[in-house]
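Values reported hereafter were calculated over all heavy atoms of this structure, with side chains retained and with hydrogens, waters and symmetry mates removed. On a predicted model such as this, the values are computed, not experimentally measured, just so you know. Letters A, B, ... mirror the listed sequences (proteins, then strands); counts begin at 1.
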Protein chains: 2
Amino acid sequence: MEEQFYTYQYPHPAITVDCIIFGFDGQSLKVMLIQRKSEPFAKMWALPGAFVDEAESLESCAERVLQKEGNISGVYLEQLFTFGLPSRDPRERVISVAYMGLVKTADFELIAGNDELQIEWRDISEIPDLAFDHSQILQTAIDRIRGKIRYQPIGFELMNAKFTIPQLQQLYEAILGKSLDRRNFRKKLLSMQILKQLSEKQQNVAHKAASYYEFDRERYEVLMKEGIYLELV
Amino acid sequence: MEEQFYTYQYPHPAITVDCIIFGFDGQSLKVMLIQRKSEPFAKMWALPGAFVDEAESLESCAERVLQKEGNISGVYLEQLFTFGLPSRDPRERVISVAYMGLVKTADFELIAGNDELQIEWRDISEIPDLAFDHSQILQTAIDRIRGKIRYQPIGFELMNAKFTIPQLQQLYEAILGKSLDRRNFRKKLLSMQILKQLSEKQQNVAHKAASYYEFDRERYEVLMKEGIYLELV
DNA sequence: CCAAAAGTGTTTATAGTACACCCATGC
DNA sequence: GCATGGGTGTACTATAAACACTTTTGG
């Protein structure tokens, strides 16, 4: 490694971006965790993250993390919160800007990085103790996604382009951790007119085949511009 | 000033906390702005802020800014967003964590700091161009407070301990930028049972005296623990 | 023909919205 | 007694919530 130093007149903390990547596999809500190779917290599970490069924006840094861990791009990302307690990293002062991402697990091919022993999707109901303050960061993210999915159609980011209404409902139930009434869920969803029904139907299922829909993003943008507030659950 | 240097193996950006302090004076919603003395952006108006000290948390830094600008403490503060575009400060890479605060203007005695020409409360409908990306930061804060006041009783932070319902309504109208129905506002507010009526009434007003209320914080905490979602407007 | 999940409508309760008149006070 | 803003109630509308049966498909 090249020896180089950066000098400042005042102390500058280090900045990382840590990513909470939620994934849906059709059954339950997962989160991407890595197992650390090095100290501090070697062998512990943690959120994937990276130090912010000199010339990249915070969001670009989050995108870079996603590239690194699964060679994926173009996904939904939003800034969650910035964690900055002086003691949160034992090495030096490190401020972490957390980003939350939503993906379909099937789109990801998880690749453990150089400094990672393993990388896995973990069900959000079975999360081990995490390194640093990452348990707290993850809890903040879970609270955020639960609150947010009630009034913004972020759930579509976790579904394939075409999906059935019961599949979408399963996602909502996985995120909210409770079951919803089938009839009311469907009624409310269809009344928003943000779904386009496709002619295609499910195949090879041992019950009545559900029909596929896709998210009508254009229609959604129009509604948002009109300031219409979509409460989805 | 003592000459001292801080050296790191990797580039470390500088971190500031910038504060959007909203104040209410009984009439309209204001925001605290300072006029910069030094370059860059000398003489331009900006949000008050400070570089984060080595040993303080981000929130402590925001509290320190409030102390410095008006010798005030113990006010409502929440983290808004972190702004980190590489080009947002012409001197060096500076990442800014923005905090939003809510205060009563009467509690503040504005004191221009060493590096400030002036400090003022400015009506949010009359904001000049601001230094750095502060116009964008302020807009983000206005959007946040408008969204947030609809379902959390943050408005009480901007009122005196005792207030009348029409006074509180005036605050809501100032924040939301539209007028609300008196009867429905009162009905909804009282139905939440988060107000305690005092025996005291307004004095020396040329109309029927309104009665004073205070916010029942204890009752509010109970409702929040039960997961009850208070939509206030 | 049975199991399994999809699809469909109605009724009831609750909350939101719109709206008009009387009341107390200072001048 | 009049101008000013405070306080109250009701009817209407819209949305949320609860709930049971029929349909399609594979095995």
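- Side-chain atoms of A/Asp133 and A/Leu85, non-hydrogen and from C-beta on, never get closer than 4.5 Å to each other.
- When side chains are defined from C-beta on, A/His134 counts as touching A/Arg88, because their heavy atoms get closer than 4.5 Å.
- The stretch residues 70-79 of chain A participates, sequence neighbours left out, in these side-chain hydrogen bond (donor to acceptor under 3.5 Å, both in side chains) pairs: A/Tyr76-A/Glu78, A/Glu78-A/Arg144, A/Glu78-A/Lys148, A/Gln79-A/Tyr99.
- When side chains are defined from C-beta on, A/Leu117 counts as touching A/Lys43, because their heavy atoms get closer than 4.5 Å.
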N/O donor to acceptor pairs below 3.5 angstrom from side-chain atoms of residues 160-176 of chain A, sequence neighbours left out:
residue, atom, partner, partner atom, Å
A/Lys162, NZ, A/Glu200, OE1, 3.1
A/Lys162, NZ, A/Glu200, OE2, 2.5
A/Thr164, OG1, A/Gln167, N, 3.2
A/Gln167, OE1, A/Thr164, N, 3.1
A/Gln169, NE2, A/Glu173, OE2, 3.0
A/Gln169, NE2, A/Leu180, O, 2.9
A/Gln170, NE2, A/Gln27, O, 3.4
A/Glu173, OE2, A/Leu180, N, 2.8

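- The nearest whole Å value for the distance from the CD atom in A/Gln202 to the C1' atom in C/dG7 is 12 Å.
- No side-chain heavy atom of B/Leu130 sits under 4.5 Å from any side-chain heavy atom of B/Phe41.
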Below 3.5 Å is the cut-off: list the nitrogen or oxygen pairs between protein and nucleotides 10-15 of chain C, distance only.
residue, atom, partner, partner atom, Å
C/dT10, O4, A/Lys187, NZ, 3.0

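- Remark: B/Arg217 CZ is loosely packed, at most 12 non-hydrogen atoms of other residues, nucleotides or ligands lying under 6.0 Å away.
- Side-chain contact between B/Leu232 and B/Leu189 is present, with heavy atoms from C-beta onward closer than 4.5 Å.
- Each of B/Tyr213, B/Phe24, B/Phe215 was compared with B/Phe156 under the ring-ring contact (aromatic ring centres under 6.0 Å, His included) criterion, and only B/Phe215 meets it.
- Minimum heavy-atom separation, B/Leu77 to B/Ala62: CD1-CB, 3.9 Å.
- Taking the nucleotide of DNA chain C with the nearest heavy atom to each of B/Asp181 and A/Tyr213, the more 5' of the two is matched to A/Tyr213.
- More than 12 heavy atoms of other residues, nucleotides or ligands sit less than 6.0 Å from atom CD of A/Glu226.
- Nucleotides of DNA chain D that come within less than 4.0 Å of any heavy atom of chain A span, from the 5' end to the 3' end, D/dA16 to D/dG26.
- In the region residues 158-180 of chain B, proximity to DNA chain C at under 4.0 angstrom, judged on heavy atoms, holds for none of the residues.
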The contact string for nucleotides 21-27 of chain C, one letter per nucleotide 5' to 3', using protein heavy atoms under 4.0 Å with B, S and - for base, sugar-phosphate only and none, comes out as --BBBS-
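- Taking the side chain as every heavy atom from C-beta outward, A/His207 and A/Gln202 approach each other to under 4.5 Å.
- Looking only at side-chain heavy atoms (C-beta outward), A/Leu158 and A/Val103 stay at 4.5 Å or farther from each other.
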